[in-house]
Amino acid sequence: MKKLLILMTATLLSCNLFAAEAKGTDVLVSVNNNKITRAYIDNALQREAALLPEEQRTQENLKNLANNIISRRIDELVVLDAAKKAKVTVTAKEVKDTVDTNRKNFSTEADFNNALKQQGLTRAKYESEVKDNLIRVKYISNEVKKRTDLPTDEELEVFYKNVVAKVKKQPVNLDEKTDELATGAANRLKRIYDKQIKLRQIFIRYSDSFTKEQKKEVNDKIKELKKELSAKDVNFSQLSEKYSDDEALKQARGDIGYILKDDLTPEVSKVIFGLKIGEYNKSPIKTGNGYHFFRVEEMKADMPIEFDAVKQFLSDTLYRQSIQDEYGVLMDELRASANIKFN
């Protein structure tokens, strides 16, 4: 079906995508008893293309975008048909609550109605689309949950061992999907259990492309800063506010929060993690964008990752992955059982 979608998109883009011609009512795809028209795709493409930066509105990107819109619309229709067969319903209150929530994103009722008008929607049409979407979401949620079980203790223990191995950078032999899942879980746990230091920074911008005069200004600035850093009772936060070439850093008085060793390049982390609380690097660290001075404000020692402490987190991680997997299976089944014809 993927190849057919691409071919259909290529045909679509050979026409005037945004022209309101008679051909705008042509049926491009039939999904069971539903029709996807050229007008629908043209309108959706016009709206979504308008959100792209102008330089990204290339023929190739528009082709891919149209392809995605067709594919997405097919999925919406096959799910809606399945939901109706399963007699899934939503209440008028559920629809109203969703519309009201979305309405709050606009300052006035007039702004909201104007946004609908720009999308080519009446209030009634918008409420109908909200209703259809709620039905689809409810159907998918019900079906996927029926197919998904919570992980067993044995599965959690195996996953725990793999995640801990990842945290400790020990080799593990896993399939690609499990490896990605374990790596993601390990990265999240590192931010809680690994050694962390709280840093304050002074940053002076530098580039090899600077003029001779600019380079001299940077060197003079660093000399002046190093002189102030060598004084007694130095106030590092004030110096960051005074010298840093970054507005956000100035406003934060150099505070960049807690950092893990893996957040930094090996060259930088070697220096920073060799400092004690209250110490800073006396010589600036040069990187691709400039010179850096760091001061260690606080330090959190690494902690052991106990199974009982992370069991719920691991269970949630595996369950979410199972939900995602079952969703993919469900969509494959729905597409396979649907009568999809490209015209």
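Count residues from 1 along the sequence.
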Check whether more than 12 heavy atoms from other residues, nucleotides or ligands sit under 6.0 Å from atom NZ of Lys215, and answer yes or no. yes

Give a yes or no on this: more than 12 heavy atoms of other residues, nucleotides or ligands lie within 6.0 Å of atom CG of Asn33. no

In terms of the angle between their ring planes, are Tyr160 and Phe307 parallel, tilted or perpendicular, with boundaries placed at 30° and 60°? perpendicular

Keeping Tyr280 on the side-chain end and Leu229 on the backbone end, is there a donor-acceptor pair under 3.5 Å? yes

Please table the atom pairs, donor to acceptor, closer than 3.5 Å between any side-chain atom in residues 236-245 and protein atoms at least two apart or in another chain.
{"unit_1": "Ser237", "atom_1": "OG", "unit_2": "Asn235", "atom_2": "OD1", "d": "2.6"}
{"unit_1": "Ser237", "atom_1": "OG", "unit_2": "Arg253", "atom_2": "NH2", "d": "3.1"}
{"unit_1": "Ser240", "atom_1": "OG", "unit_2": "Gln201", "atom_2": "O", "d": "2.6"}
{"unit_1": "Ser240", "atom_1": "OG", "unit_2": "Ser244", "atom_2": "OG", "d": "3.1"}
{"unit_1": "Ser240", "atom_1": "OG", "unit_2": "Gly254", "atom_2": "N", "d": "3.3"}
{"unit_1": "Glu241", "atom_1": "OE1", "unit_2": "Arg253", "atom_2": "NH1", "d": "2.9"}
{"unit_1": "Lys242", "atom_1": "NZ", "unit_2": "Glu228", "atom_2": "OE2", "d": "2.6"}
{"unit_1": "Tyr243", "atom_1": "OH", "unit_2": "Glu224", "atom_2": "OE2", "d": "3.2"}
{"unit_1": "Tyr243", "atom_1": "OH", "unit_2": "Glu228", "atom_2": "OE2", "d": "2.5"}
{"unit_1": "Ser244", "atom_1": "OG", "unit_2": "Phe203", "atom_2": "N", "d": "3.2"}
{"unit_1": "Ser244", "atom_1": "OG", "unit_2": "Ser240", "atom_2": "O", "d": "3.0"}
{"unit_1": "Asp245", "atom_1": "OD1", "unit_2": "Lys221", "atom_2": "NZ", "d": "2.6"}
{"unit_1": "Asp245", "atom_1": "OD2", "unit_2": "Arg205", "atom_2": "N", "d": "2.9"}
{"unit_1": "Asp245", "atom_1": "OD2", "unit_2": "Lys221", "atom_2": "NZ", "d": "3.4"}

Checking Asn133 against Glu129: is there a side-chain donor and acceptor pair closer than 3.5 Å? no

Near-ring test Tyr206/Tyr291, centroid separation under 6.0 angstrom: yes

Establish, for the pair Arg188 and Phe313, whether the NZ or CZ atom is under 6.0 angstrom from the six-membered ring centre and no further than 45 degrees off its axis. no

Flag, side chain of Gln56 to backbone of Pro53, donor-acceptor distance under 3.5 Å: no

So Phe294 and His292, would you call those rings parallel, tilted or perpendicular, with 30° and 60° as cut-offs? parallel

List the residues meeting side-chain hydrogen bond (donor to acceptor under 3.5 Å, both in side chains) with Thr91, not counting sequence neighbours, and say none if there are none. Glu94

Report the residues that fulfil salt bridge (charged side-chain N to carboxylate O under 4.0 Å, His left out) with Glu267, sequence neighbours left out, ordered by chain and then residue number. none

Between Asn142 (side chain only) and Lys138 (backbone N and O only), is there a donor and an acceptor less than 3.5 Å apart? yes

Whether Asn32 side chain and Asn34 backbone form a donor-acceptor pair below 3.5 Å: no

Row check, Phe273 ring normal vs Lys270 NZ/CZ: under 6.0 Å, within 45°: no

Is a donor from one side chain sitting under 3.5 angstrom from an acceptor on the other, for Gln321 and Asp325? yes

Count the heavy atoms belonging to other residues, nucleotides or ligands that lie under 6.0 Å from CD of Glu176, then report whether that count exceeds 12. no

For atom CD of Glu54, is the number of surrounding heavy atoms from other residues, nucleotides or ligands below 6.0 Å larger than 12? no

Greater than 12 external heavy atoms within 6.0 Å of Lys223's NZ: no

Expected output: side-chain Asn114 to main-chain Ala110 donor-acceptor under 3.5 Å: no

Check: Asp255 side chain, Ala252 main-chain N or O, donor-acceptor pair, under 3.5 Å: no

Results of salt bridge (charged side-chain N to carboxylate O under 4.0 Å, His left out) for Asp97 - residues two or more places apart only: Lys93

Using the test salt bridge (charged side-chain N to carboxylate O under 4.0 Å, His left out), find all partners of Asp220 that sit at least two apart in sequence or belong to another chain. Lys216

Tested for side chain to side chain contact (heavy atoms under 4.5 Å, CB included) against Ile41, the lone hit among Ile69, Val29, Asp26 is Ile69

Are any side-chain N or O atoms of Asn343 and backbone N or O atoms of Val27, one a donor and one an acceptor, separated by less than 3.5 Å? yes

Partner set under side-chain hydrogen bond (donor to acceptor under 3.5 Å, both in side chains) for Glu326, not counting sequence neighbours: none

Is there a donor-acceptor pair closer than 3.5 Å between any side-chain N or O of Arg335 and the backbone N or O of Val78? no

Has Asn105 got more than 12 heavy atoms of other residues, nucleotides or ligands less than 6.0 Å from its CG? yes

Is a donor on one side and an acceptor on the other found under 3.5 Å between the side chain of Ser141 and the backbone of Val137? no

Counting only heavy atoms not in Lys250, do more than 12 sit closer than 6.0 Å to its NZ atom? yes

